[in-house]
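Okay, structure first, notes after.
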Amino acid sequence: MYGTVKVWDTRQKDTPVANMEPAEGENKRDCWAVAFGNAYNQEERVVCAGYDNGDIKLFDLRNMSLRWETNIRNGVCSLEFDRKDIIMNKLVATSLEGKFHVYDLRTQHPTKGFASVTEKALKSTIWQVRHLPQNRDIFMTTGGAGSLHLWKYEYPAQRTKKDSDGVDMGVAGTVSLLQNVTLSTQPISSIDWSPDKKGLCVSTAFDQTVRVLIVTKLNKL
């Protein structure tokens, strides 16, 4: 069914353990990206889903509710929490038209949601984002023009402030480009980091090539 997000337990056949679908009368959009997060104990889990119309929805699996939603106005190609096994910290969402958004998930305002920073990285689709396992503030994006971009997120001096009513709200940090390289004339469709060797990564592209890469000097960041 269009717009449905299902969570499966590989030990349980045929039936999903969670099924999140649009309410009756809601538009059913294609879901393009999903990510697990907030798994800091045995009970807490969230799933974030991104859709073709730019919707981002954060589902709380513990009480099966929609915790937060927003819209970035372009199809969501990739989502990733900076780490999935800690209390929610940051989420990166990439889109069709070259922008990505970094959300600070530590403070959720009742009406304004999460603070975020937006970066116009490319003129083409950002297919995927992956955080460096050894440093969650470093992440790589893959581009439709065959490029890789390495970014660093810098936290603000204070991550929260009070609004006019005295309610806590988040403060977004900044993003800086560390390095970029063009590897192909075709889109880089995916990338993944080695959890063991810092800087070692592998990418795939529409030119049917798998590339093994090493990013150096990460210890100096």
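In what follows, residues are counted from 1 in the order of the sequence shown. Given the structure is predicted, the values throughout are model-derived calculations rather than measurements. Quick note: numbers below take in every heavy atom, side chains included, and nothing from hydrogens, waters or symmetry partners.
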ILVMFWY network linking Val129 to Val117, side-chain heavy atoms under 4.5 angstrom: yes
Mutual orientation of the aromatic rings belonging to Trp68 and Phe114 [parallel < 30°, tilted 30-60°, perpendicular > 60°]: perpendicular
Cluster link Val46 to Met64, ILVMFWY, side chain under 4.5 Å: no
Validation row: Cys77, Ile126 side chains within 4.5 angstrom (heavy atoms): no
N-O pairing of Glu154 and Lys152 below 4.0 Å: yes
Test applied, side chain to side chain contact (heavy atoms under 4.5 Å, CB included); reference residue, Met140; option that passes from Asp192, Leu178, Leu150: Leu150
Where at least one partner belongs to residues 167-183, residue pairs that pass side-chain hydrogen bond (donor to acceptor under 3.5 Å, both in side chains), sequence neighbours excluded: Lys162-Asp168
Atom CD of Glu97 with >12 non-hydrogen neighbours under 6.0 angstrom: no
Side chain Arg211, main chain Val202, donor-acceptor under 3.5 Å: no
Check: Thr111/His109 side-chain N/O donor and acceptor closer than 3.5 Å: yes
Other residues, nucleotides, ligands: >12 heavy atoms within 6.0 Å of Lys120 NZ: yes
Reference residue His131; test side-chain hydrogen bond (donor to acceptor under 3.5 Å, both in side chains); the match among Glu80, Lys84, Lys90: Glu80
Same apolar cluster: Trp193 and Val181, side chain cutoff 4.5 Å: yes
Taking every non-hydrogen atom, the tightest pair across Leu200 and Ile214: N-CD1, 3.6 Å
ILVMFWY network linking Val215 to Ile191, side-chain heavy atoms under 4.5 angstrom: yes
Side chains of Tyr155 and Asp104, donor plus acceptor under 3.5 Å: no
Side-chain heavy atoms of Trp32 within contact of Leu96, under 4.5 Å: yes
Side-chain heavy-atom pair Tyr153, Asp82 within 4.5 angstrom cut-off: no
Within-4.5 Å side-chain heavy-atom neighbours: Phe100 and Val175: yes
Residue pair Val17 / Trp8, side-chain heavy-atom distance below 4.5 Å: no
Exercise: do Thr209 and Asp207 side chains pair donor with acceptor under 3.5 Å: yes
Single-linkage hydrophobic cluster Val76~Phe81, side-chain heavy atoms < 4.5 angstrom: yes
Intermediate values then yes/no, side-chain contact (heavy atoms from CB on, under 4.5 Å), Gln108 and Arg67: CA-CA 10 Å; Gln108 183 175 2; Arg67 182 165 175 173; 3.7 Å; yes
Flag, side chain of Thr94 to backbone of Ser78, donor-acceptor distance under 3.5 Å: yes
Sidechain-backbone polar pair: Gln134 side chain, Pro195 backbone, donor-acceptor under 3.5 Å: yes
Min side-chain heavy-atom separation Val171-Gln158 under 4.5 Å: no
All pairs passing side-chain hydrogen bond (donor to acceptor under 3.5 Å, both in side chains) where residues 39-51 contributes a residue, at least two apart: Glu44-Arg62
Within 6.0 angstrom of Gln208 CD, more than 12 heavy atoms from elsewhere: no
